[in-house]
Number of protein chains: 2
Amino acid sequence: MTDDDTWTPPEILVAVDLVILTLRASVFHVLLIERGIEPFKGAQALPGGFLNNAEEDIYAAALRELREEADLDGTDLHIEQLGAYGTPGRDPRGRVLSVAYLTIAPGLPEPVAGTDASGAAWVPVEQALSGSVQLAFDHWKIVGDAVERARTKLEHTPLATAFCTKTFTIADLQEVYEAVWGVDLDPRNFYRKVQRVPGFIESAGADRRMTTGRPARLFRAGPATALHPPLTRPEPSNDSEEGR
Amino acid sequence: MTDDDTWTPPEILVAVDLVILTLRASVFHVLLIERGIEPFKGAQALPGGFLNNAEEDIYAAALRELREEADLDGTDLHIEQLGAYGTPGRDPRGRVLSVAYLTIAPGLPEPVAGTDASGAAWVPVEQALSGSVQLAFDHWKIVGDAVERARTKLEHTPLATAFCTKTFTIADLQEVYEAVWGVDLDPRNFYRKVQRVPGFIESAGADRRMTTGRPARLFRAGPATALHPPLTRPEPSNDSEEGR
DNA sequence: CCCCTTATTGTCAGTTCGACATTAAGGGGG
DNA sequence: CCCCCTTAATGTCGAACTGACAATAAGGGG
């Protein structure tokens, strides 16, 4: 931040975009909204919007949009800033700098009735990034960055628990890893590894849960903020890249 | 991003701040500049400034400030966006949203002659965060976030090589880890571990380097973008700290 | 040639990993 | 009530890895 009293710096519009990720029926989904107005009318876009006024905090604006556009309560949801996207020309209406937030929610069964936009829908992440979906602005890149961030943070933070409800089974947790990473994991080894990490998960009473088969123990998120040791993603079996 | 044609969203000043980290004499340093004008005149601040005009890209602005205020060429330097800092009131002059960038540079021996500000100086990170240094705006938090980011990325990305010159020895690399993490590592085990990670470092010819003692092999950064397996930070034996 | 310094290679027991088998604990149907 | 089906949890085993520490290698200086 520097000097200058004579020169007036340019003023820029500031917006907030939300990448809301969840698991639905063991599939990794992102929330997209069909735009009802130009520009990009009819295309899919991330929920978001401009700051209400010049005094609104950007994090508060993210919480507000979360409520308005996704009908979600930010309390006890994982929300972290992803970054600022401000390439000139990203919005045809003019210079807009958008601050993107990454939100992780436990799998909501309902299709989330958007209050505002034409239609809100959970879209499988794979599909959203495949190119078969028309995404507005630079939202394709934002979603890609968010997914990459989530995949990486799964390795060395307890982020996976944010995809789960208050209490969960180890199999639930494994589903998160498998869906987000797009791999299959061995339940026996996963069970062992997860329990060894101090502070990752802790037993939630002798409680259990009903399904067919043997009842599973319930856990809740532990106090750890980092996983030591980390859960490393399996190496991609191919070797089309990487060198030694 | 939403609708509305009648309502005009607020315009906000956008700035760029740089956290430039390096190693000097095996000590982890950050570049700070003494402010010559109000607000926070006389305090230390990160290099940075407002966008030049409404068309300037924020990344381009970061590169420009890097040149203007630190006399550094962004080419072949590690630069990544850290995040947006936009709390109302962070700048007493009005609403300013600042996009912070994290830059890693090989240890420059010279004290970096700032072109603009009153004085630029490399300050040990520990000192900058200790509270004994008056930092302007919310720069204390920004530096803290940057350092935390660097410490974490050292574990699972080849970021450490960004602290080194084009070619380096394994002992150089170890110095980076030790200085940034603030720990001591066993050279023998470090040597083994680093070499096992595919694509982390690759031999730079049979070249060597002069010092006292046996000449060391030179390496350069490899093609890997992630470390598999990661280099995990040693557990702190005590548990007096940690927090996020 | 001896000594000092730093680099690189070994050694070794304890731990962890991945692959896979086995046992445990419900619920349903006959 | 017993057999069977399903999912959960524990166990086994050789290979690989880890941390602690010893031993050897390769210059430079005196």
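Side chains are part of it too, since the values below use all heavy atoms of this structure and drop only hydrogens, waters and symmetry mates. Numbers restart at 1 for each chain; the letters A, B, ... are given by sequence-line order, proteins then strands. Quick caveat: nothing in here was measured; it's all calculated off a predicted structure.
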Donor-acceptor pair, side chain of B:His156 and main chain of B:Pro230, under 3.5 angstrom: no
task: Could you check how far CD of A:Gln195 sits from P of D:dA8, rounded to whole Å?
output: 13 Å
- line: Hits for ring pair (Phe, Tyr, Trp, His ring centres under 6.0 Å) against A:Phe190, two or more places apart or cross-chain, chain-then-number order -> A:Tyr177
task: Spell out, as yes or no, whether a donor-acceptor pair under 3.5 Å connects the side chain of A:Thr22 to the backbone of A:Pro106.
output: yes
- line: B:Glu155 meets the side chain to side chain donor-acceptor pair (under 3.5 Å) criterion, sequence neighbours left out, with B:Arg233
field: Under the side chain to side chain contact (heavy atoms under 4.5 Å, CB included) test, residues paired with A:Arg214 that sit two or more places apart
entry: none
query: How would you list, by chain and number, every residue that makes a salt bridge (charged side-chain N to carboxylate O under 4.0 Å, His left out) with A:Asp73, sequence neighbours excluded?
result: none
query: C:dG18 C1' sits how many Å from A:Asp184 CG, rounded?
result: 15 Å
field: Nearest-Å distance for atom pair CG/P, residues A:Leu227 and C:dT16
entry: 16 Å
- prompt: According to the Watson-Crick and G-U wobble definitions, with both distances under 3.5 Å, which nucleotide is paired to D:dG30?
  reply: C:dC1
query: What one-letter contact string describes nucleotides 15-21 of chain D from 5' to 3', where B marks a base within less than 4.0 Å of any protein heavy atom, S marks contact via sugar-phosphate atoms alone, and - marks no contact?
result: --SBBBB
- prompt: Quick one: what's the B/S/- string for nucleotides 24-30 of chain C, heavy-atom cutoff under 4.0 Å, read 5' to 3'?
  reply: BBS----
query: Taking only residues at least two apart or on different chains, which pairs with a member in residues 195-228 of chain A satisfy ring pair (Phe, Tyr, Trp, His ring centres under 6.0 Å)?
result: none
task: Provide the full list of salt bridge (charged side-chain N to carboxylate O under 4.0 Å, His left out) pairs with a residue in residues 123-146 of chain A, sequence neighbours left out, each pair given once.
output: A:Arg90-A:Asp138, A:Lys141-A:Asp145
- line: Ordered by number, residues from residues 166-178 of chain B within less than 4.0 Å of DNA chain D (heavy atoms) are none
- prompt: Which residue pairs pass the salt bridge (charged side-chain N to carboxylate O under 4.0 Å, His left out) test when at least one of the two sits in residues 166-182 of chain B, sequence neighbours left out?
  reply: B:Asp172-B:Arg209
message: Once salt bridge (charged side-chain N to carboxylate O under 4.0 Å, His left out) is applied, do any residues pair with A:Arg149, and if so which ones, sequence neighbours excluded?
response: A:Glu80
task: Using the test ring pair (Phe, Tyr, Trp, His ring centres under 6.0 Å), find all partners of B:His78 that sit at least two apart in sequence or belong to another chain.
output: none
message: How many whole angstroms separate atom OH of B:Tyr191 from atom C1' of C:dG10?
response: 13 Å
